[in-house]
> 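The structure that follows is given in the form of structure tokens.
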Amino acid sequence: MDEDRARELTFRSVIDATRDMTRRATGGVVHDEDGVMLVAGPHWLPVLINGVARLDPAVAAADVLDRARQFFTPRKRGYSVFALVGQDDDLVAAAEADGLVSMGDPSPLMAIDEPPANVDMPEGMRIERVTSEAQVAALADICADAYAVYGMPADVPPAVLSPLSILLAPHMAAYNAVDDEGPVATATSLATHGTAYLQWVGTKQRAFGRGAGAAVTQAATIGGFEIGASLATLVASPMGAPVYRRLGWSDVGQMENRIAFTAPT
């Protein structure tokens, strides 16, 4: 794997997936012009759901932030600045000077260039391909429970995954792990520019430590290659990164987020 290429593709996958999901979500707005992408999701949450990314490194950091202010001020929302470490360090510095804050250490960008040979199925569970709106609703419920660990409001996944058909598109492959009590873990691949970006990866808290998260990650990785990817990519959470590394994923870079928690003025 060429690490520089993998890093660029992984960051671009984050941007492409954010753009794709936002423009297809109920109430989502995307403005993509002159090297800057702005997204206003269907929920007010400033972390990840509403944000700005610089697609052309030649655009001045001050211009990126000015355009973010113009976009988000009338919407009365905070937002995230998505930045690739090593490329967008000036943008991070400018965001900090403007009072935007960090949510912690940079997030690992990770990639894998071949699918796993099999899915390591935990005892008492099965993997289902998501093919119905009812399964998408179950997926949203899993993520609401899983992401509560990070303080995400429970109404974010249902809002962002509306309409429920949003994950049933042909360039997506979503999977749920199910035990005797119902769905417990999930992961989705979104195909873009030859990559499969893994998102909506989560495990209900009652199933932590049982291997369900690893199993759906393997299933979604295989599914991503099956829908045409030559490289699978993701942004790892603090809890997820060690699991991905054990599954053969490689660190290829880091992504910074700087957050404006209230609407800019």
Side-chain angles (χ1 to χ4, degrees), residues 14 17-18 21-22 24-28 41-51 80 103-104 107-108 110 119-168 172-190 197-221 223-224 234-244 246-247 249 257 259 261:
V14 178
T18 302
M21 292 292 292
T22 303
R24 292 191 298 116
T26 302
H43 192 281
W44 59 263
L45 187 74
V47 182
L48 303 177
I49 307 302
N50 297 276
S80 300
M103 287 289 287
S107 300
M110 307 185 81
V119 174
D120 297 319
M121 189 68 62
E123 185 177 352
M125 293 189 193
R126 67 183 186 279
I127 300 289
E128 296 180 346
R129 175 76 180 262
V130 173
T131 58
S132 71
E133 292 188 0
Q135 289 171 308
V136 177
L139 186 157
D141 180 65
I142 292 167
C143 291
D145 184 87
Y147 301 163
V149 172
Y150 300 110
M152 179 179 284
D155 61 342
V156 172
V160 177
L161 295 172
S162 174
L164 290 172
S165 59
I166 194 168
L167 296 186
L168 304 181
M172 307 191 79
Y175 298 85
N176 290 342
V178 181
D179 67 8
D180 290 341
E181 297 181 44
V184 294
T186 191
T188 296
S189 281
L190 182 151
Y197 178 70
L198 266 70
Q199 58 182 345
W200 298 109
V201 180
T203 301
K204 281 194 171 184
Q205 296 175 51
R206 70 173 179 82
F208 280 0
R210 294 171 54 192
V216 289
T217 296
Q218 290 172 319
T221 305
L234 57 81
V235 178
S237 68
M239 290 178 65
V243 175
Y244 300 130
R246 288 198 300 271
L247 294 176
W249 290 70
N257 288 286
I259 315 297
F261 282 99

> For residues 151-168, please give each side-chain donor-acceptor pair under 3.5 Å, one per line with the distance, not counting sequence neighbours.
from   : atom 1 : to    : atom 2 : distance (Å)
Asp155 : OD1    : His43 : NE2    : 3.0
Asp155 : OD2    : His43 : NE2    : 3.3
Ser162 : OG     : Thr26 : OG1    : 3.4

> List for me each residue that meets side chain to side chain donor-acceptor pair (under 3.5 Å) alongside Asp120, sequence neighbours excluded, and say none if there are none.
Asn118, Gln218
> Starting at OH of Tyr197, measure out to CE of Met172 and round the result to the nearest 0.5 Å.
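If we round to the nearest 0.5 Å, Tyr197:OH and Met172:CE are 11.0 Å apart.
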> Just grab all the salt bridge (Lys or Arg N to Asp or Glu O under 4.0 Å) pairs involving residues 130-142, residues at least two apart or on different chains.
Asp141-Lys204
> Do Tyr175 and Val119 make a side-chain contact, defined as non-hydrogen atoms from C-beta onward lying under 4.5 Å apart?
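No, their side chains stay 4.5 Å or more apart.
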> Applying side-chain contact (heavy atoms from CB on, under 4.5 Å), run through Val201 and Tyr244 and close with a yes or a no.
CA-CA 11 Å; Val201 180; Tyr244 300 130; 3.4 Å; yes
> Within this structure, what is the CD1-CD distance for the pair Ile142 and Gln135, rounded to the nearest 0.5 Å?
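Ile142 atom CD1 to Gln135 atom CD measures 10.0 Å (nearest 0.5 Å).
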> Testing the basics here: between Pro183 and Arg206, what is the closest heavy-atom pair and its distance to 0.1 Å?
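The pair with the smallest heavy-atom distance is O-NH2, 4.1 Å.
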> Closest heavy-atom contact between Phe261 and Pro46?
CD2-CG, 4.1 Å
> Using the side chain to side chain contact (heavy atoms under 4.5 Å, CB included) definition, which of the options Thr186, Leu198, Ile127, Thr221 pairs with Val216?
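Of all the options given, the one that passes is Ile127.
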> Testing the basics here: between Gly213 and Ala185, what is the closest heavy-atom pair and its distance to 0.1 Å?
N-CB, 4.2 Å
> Any sub-3.5 Å donor-acceptor pair from Ser80's side-chain atoms to Leu48's backbone N or O?
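At least one qualifying donor-acceptor pair exists.
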> Only counting residues at least two apart or in another chain, list the ones meeting salt bridge (Lys or Arg N to Asp or Glu O under 4.0 Å) with Asp145.
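If we apply the salt bridge (Lys or Arg N to Asp or Glu O under 4.0 Å) test to Asp145, skipping adjacent residues, there are no hits.
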> In Å, rounded to the nearest 0.5 Å, how long is the span from CG of Asn50 to OG1 of Thr22?
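Reported value, rounded in 0.5 Å steps: 8.0 Å.
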> Listed by chain and number, what are the salt bridge (Lys or Arg N to Asp or Glu O under 4.0 Å) partners of Arg129, not counting sequence neighbours?
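Partners of Arg129 under the salt bridge (Lys or Arg N to Asp or Glu O under 4.0 Å) test: none.
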> How close do Met125 and Met121 get, counting heavy atoms only, and between which atoms?
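Minimum heavy-atom separation between Met125 and Met121: O-CG, 3.5 Å.
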> What residues, two or more places apart in sequence or in another chain, satisfy side chain to side chain donor-acceptor pair (under 3.5 Å) together with Ser107?
none
> What are the two closest heavy atoms between Met110 and Ala241, and how far apart are they?
CE-O, 4.2 Å
> Does the side chain of Val47 reach to within under 4.5 Å of the side chain of Tyr150, using non-hydrogen atoms?
no
> Drop me the distance from Thr188's OG1 to Leu139's CG, to the nearest 0.5 angstrom.
5.0 Å
> Taking Ser189 for its side chain and Ala173 for its backbone only, find out whether a donor-acceptor pair lies under 3.5 Å.
no
